[in-house]
2 protein chains.
Amino acid sequence: MDRIPSQMLKGILEGAILMIMAQGETYGYGLHETLADLGFGDIPEGTIYPLLLKLQKNGQIVGVRHPSATGPDRKYYHLTPLGEDAVTAFQGQWQQLAGAMTALITHGGDHDED
Amino acid sequence: MDRIPSQMLKGILEGAILMIMAQGETYGYGLHETLADLGFGDIPEGTIYPLLLKLQKNGQIVGVRHPSATGPDRKYYHLTPLGEDAVTAFQGQWQQLAGAMTALITHGGDHDED
DNA sequence: TTCTGCTACCTTGCAATGCAAAGTATAGAA
DNA sequence: TTCTATACTTTGCATTGCAAGGTAGCAGAA
């Protein structure tokens, strides 16, 4: 599967990760797989971890280390109320963007000429 | 209408503008209005003009000045074959992104854990 | 004429963010 | 041991939206 261009993911990945967390606690390395399953492509760790640190610093998520049965400890993150607000805001913004794009795509064929 | 966050527009505006041009020749100042009509919000000129110069430099669009009946000259741009290829590529990328987001939104709470 | 406002284009420099690259560490298999 | 997969972290760069400021043409009002 082709990767979505990085410039196109800017500002969207952050919201996508918050939405994934809204559906259940997760950890950095696991996000990599979840994002790929959803169709976002192979998002590198150099993208995911700094983003998680930023979200935590912003008070939108909280992380706790837990041991894993199969390897090193995992740092599980879950949303704070602030993070839940961010999810709501992001969903609205996404819908506005998707709506504008739909208008642009749909409109193809029936534009007026002067 | 709220503005879509600038980070969320990165890489999308460029494609959107190419798509608008695929539907008919246009000029910088007019794009401002077209984008607003489509729902992209109030995209400032400091965004639009540098982007047009970049697209022209990349050989994806070509611009020609024409006098306007109501004010200063306008610089009308139209797609080159390279620009048409870019539109096709962008549409595929957008559909992948939109598909991934739809999967994320639809899928509410049913991803697997290990 | 001069002033005001709309149209129309251009440039500089900054802020945000995805990511390549490199490093560290744990656990199990070869 | 060595290798592989898992798991987290950091540094520095490239890209791009945009605020801010500038230039200029045209029309109507004063």
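Throughout, a chain's letter reflects where its sequence line sits, starting with A, and its residues are numbered from 1.
The CE atom of Met8(B) sits 16 Å away from the C1' atom of dG18(C) (whole-angstrom rounding). Here dT17(C) presents its P atom at 12 Å from CD1 of Ile17(A), a figure rounded to the nearest Å. Atom CD1 of Ile4(B) and atom C1' of dA16(C) are 17 Å apart (whole Å). Look at CG on Leu52(B): it is 12 Å from P on dT11(C), rounded to the nearest Å. Distance, Leu9(B) CG to dT17(C) P: 13 Å, rounded to whole Å. Rounded to whole Å, the distance from CZ on Arg74(A) to C1' on dT26(C) is 12 Å.
With sequence neighbours left out, Thr102(A) forms a side-chain hydrogen bond (donor to acceptor under 3.5 Å, both in side chains) with no residue at all. Partners of Gln95(A) by side chain to side chain contact (heavy atoms under 4.5 Å, CB included), not counting sequence neighbours: none found. The side-chain hydrogen bond (donor to acceptor under 3.5 Å, both in side chains) test applied to Tyr29(A) returns no partner, not counting sequence neighbours. Residues passing the ring-ring contact (aromatic ring centres under 6.0 Å, His included) test with Phe90(A), sequence neighbours excluded: none. With sequence neighbours left out, Pro44(A) forms a side chain to side chain contact (heavy atoms under 4.5 Å, CB included) with Arg3(A), Thr47(A). With sequence neighbours left out, Glu14(A) forms a side-chain hydrogen bond (donor to acceptor under 3.5 Å, both in side chains) with Lys54(A). Taking Thr88(B) as the reference, nothing meets the side chain to side chain contact (heavy atoms under 4.5 Å, CB included) condition, with sequence neighbours excluded.
An end-to-end axis angle of 10° holds for the helix from dT1(C)-dA30(D) to dA30(C)-dT1(D), taken from five base pairs per end and rounded to 10°.
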Enumerate all atom pairs, one protein N or O and one N or O from nucleotides 9-11 of chain D, separated by less than 3.5 Å.
residue	atom	partner	partner atom	Å
dT9(D)	OP1	Lys75(A)	NZ	2.9

Summarise how protein sits on nucleotides 25-30 of chain D as a single string, 5' to 3': B when a protein heavy atom is under 4.0 Å from the base, S for sugar-phosphate-only contact, - for no contact. BS----
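Taking only side-chain nitrogens and oxygens, Lys10(A) never comes nearer than 4.0 Å to OP1 or OP2 of dT16(D).
Comparing dC19(C), dC18(D), dA7(D) against the side chain of Pro44(A) picks out dC19(C) as the nearest.
Residues from residues 84-95 of chain B lying near DNA chain D, meaning a heavy-atom separation below 4.0 Å, are absent.
The side-chain hydrogen bond (donor to acceptor under 3.5 Å, both in side chains) contacts involving residues 55-72 of chain B comprise Ser68(B)-Thr70(B), where partners must be two or more places apart or lie in separate chains.
If you check every strand for non-hydrogen atoms under 4.0 Å, Gly30(A) touches nothing.
Without hydrogens or angle criteria, Gln23(B) side chain to Leu104(A) main chain gives a donor-acceptor distance under 3.5 Å.
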